[in-house]
Protein chains: 2
Amino acid sequence: MNHKEQLKLENQLCFSVYACSREITKMYRPYLDQLGLTYPQYLVLLVLWEHHETTVKALGAELYLDSGTLTPLLKRMEEAGLVKRERSKEDERRVMVHLTQKGEELRDKASIIPDAMAANSGLSKEEFKKALTGFQQLLDHIHSVNEK
Amino acid sequence: MNHKEQLKLENQLCFSVYACSREITKMYRPYLDQLGLTYPQYLVLLVLWEHHETTVKALGAELYLDSGTLTPLLKRMEEAGLVKRERSKEDERRVMVHLTQKGEELRDKASIIPDAMAANSGLSKEEFKKALTGFQQLLDHIHSVNEK
DNA sequence: GTTATTTAAGTTGTGCACAATTTAATTTTA
DNA sequence: TAAAATTAAATTGTGCACAACTTAAATAAC
């Protein structure tokens with residue numbers, strides 16, 4: 001492939017990933033609207049439903065986000081009554097984030113989302129699994145390249 | 001997979017795509033910084049390097065973006081001297097966007113980017129091609145689902 | 001033990017994304 | 001052809017993302 005071909009939009013892996021990501025988020029919107037959540041807020045809840053309590057730092061490591069994004073996002077979630085933020089007593093640099101009752105309860109309502117999304121994606125169970133693995137590998141690789 | 005498993009972050013295709021997209025953008029940054037471009041601005045140039053002139057509407061259809069995103073973005077690109085925006089004479093609802101000399105010339109500097117990115121992705125030519133096709137199909141499918 | 005370094009969050013400023021609305025031009029329909 | 005509907009951009013407002021910087025606490029080095 002020559003330079004001219006390479007610069008075509010249709011040959012950019014980056015673009016198809018970028019557009020796909022936004023279209024997937026759009027697909028979630030009607031479901032998340034019902035729960036009063038944005039997509040990144042939903043991701044934070046996915047982490048907290050697993051761990052119940054975590055720090056801003058750990059949350060950032062899981063979601064690949066920094067405090068510049070998370071701090072205001074978590075403040076909004078706190079205002080919405082979904083999480084509670086408090087400075088750690090042991091290490092006052094850290095801020096512990098944990099679920100409230102309300103945040104915990106959203107889990108049941110959210111539990112139907114993965115099936116709905118998988119169905120909407122049009123992928124079979126095998127294709128889904130394969131795509132997931134492929135992405136996670138690509139993500140790992142690029143993340144390690146970016147670290148350097 | 002039960003509901004508990006399904007809600008784990010590691011099992012979300014959406015998250016791996018979302019995180020991947022942002023990591024890919026990060027990978028482009030050092031290259032785009034040299035050209036004084038953001039990633040969405042680079043995408044606009046990819047389209048214009050192919051077509052030379054287009055409308056906001058057509059640009060939005062190619063990039064899956066609306067005027068709310070494109071109008072301010074194009075204004076910034078116009079201020080930077082990369083593009084020119086002018087109302088169509090035939091249909092005054094439309095705004096034509098075309099490259100300036102400066103915008104045209106950036107193409108040469110950008111031509112090394114695709115090879116660099118492909119190398120950084122760690123994918124072989126075949127894997128790259130396969131991933132690209134897979135994504136475009138997923139994108140098409142989800143986009144059509146969202147349209148409804 | 002004091003100074004230097006590192007670490008964790010928060011803050012500030014810029015640029016997307018996108019929903020919802022507005023404005024103005026064009027097309028359709030009655 | 002006048003009114004209604006549609007279309008294309010722009011505008012407004014909210015919420016991410018993220019770079020760069022600040023603040024404060026903990027750890028390391030001396």
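Order of the sequence lines fixes the chain letters, A, B, ..., with proteins taken first and strands second; residue numbering starts at 1 for each chain.
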> Taking atom C1' of D:dT6 as reference, at what distance in whole Å does atom NZ of B:K57 sit?
Replying inline: 11 Å
>> Distance check needed: D:dC18 C1' versus A:L73 CG, whole Å only.
In response: 14 Å
> What integer distance in Å separates B:D91:CG from D:dT6:C1'?
Replying inline: 12 Å
>> Using the ring centroid of each side chain, check whether B:Y18 and A:Y39 are separated by less than 6.0 Å.
In response: yes
>> Under 4.0 Å, heavy atoms only, any strand: does B:T38 hit a base, just the sugar-phosphate, or nothing?
In response: sugar-phosphate
> On DNA chain C, nearest-nucleotide positions of A:K26 versus A:R94: which is more 5'?
Replying inline: A:R94
> Toward the 5' end of DNA chain D, which comes first, A:E90 or A:P72, by nearest nucleotide?
Replying inline: A:P72
> Do side-chain atoms of A:T100 reach the backbone of A:G81 as a donor and acceptor pair under 3.5 angstrom?
Replying inline: yes
>> Closest-nucleotide mapping onto DNA chain D: is A:P40 or A:E92 further toward the 5' terminus? I mean the 5' end.
In response: A:P40
>> Taking ring pair (Phe, Tyr, Trp, His ring centres under 6.0 Å) as the cut-off, I'd like each qualifying pair that reaches into residues 58-89 of chain B, sequence neighbours left out, listed once.
In response: B:Y64-B:H143
>> Has A:Q6 got a side-chain atom pairing as donor or acceptor with B:D115's backbone, closer than 3.5 angstrom?
In response: no
> Considering heavy-atom distances to DNA chain C, does A:Y18 or A:T71 have its closest nucleotide positioned more toward the 5' end?
Replying inline: A:T71
>> Using whole Å, what does the distance between atom P of nucleotide D:dC18 and atom CE of B:M27 come to?
In response: 14 Å
>> What contact category does A:T25 fall into here, base, sugar-phosphate, or nothing, at under 4.0 angstrom with non-hydrogen atoms?
In response: nothing
> Hey, where on DNA chain C does chain A first and last touch, going 5' to 3'? Cut-off is any atom under 4.0 Å from a heavy atom.
Replying inline: C:dT7 to C:dA19
> Say you draw a straight line from CD of B:Q34 to CZ of B:R29; how long is it, rounded to the nearest 0.5 Å?
Replying inline: 14.0 Å
> Ion pair present between B:K8 and B:E5, side-chain N to carboxylate O less than 4.0 angstrom?
Replying inline: yes
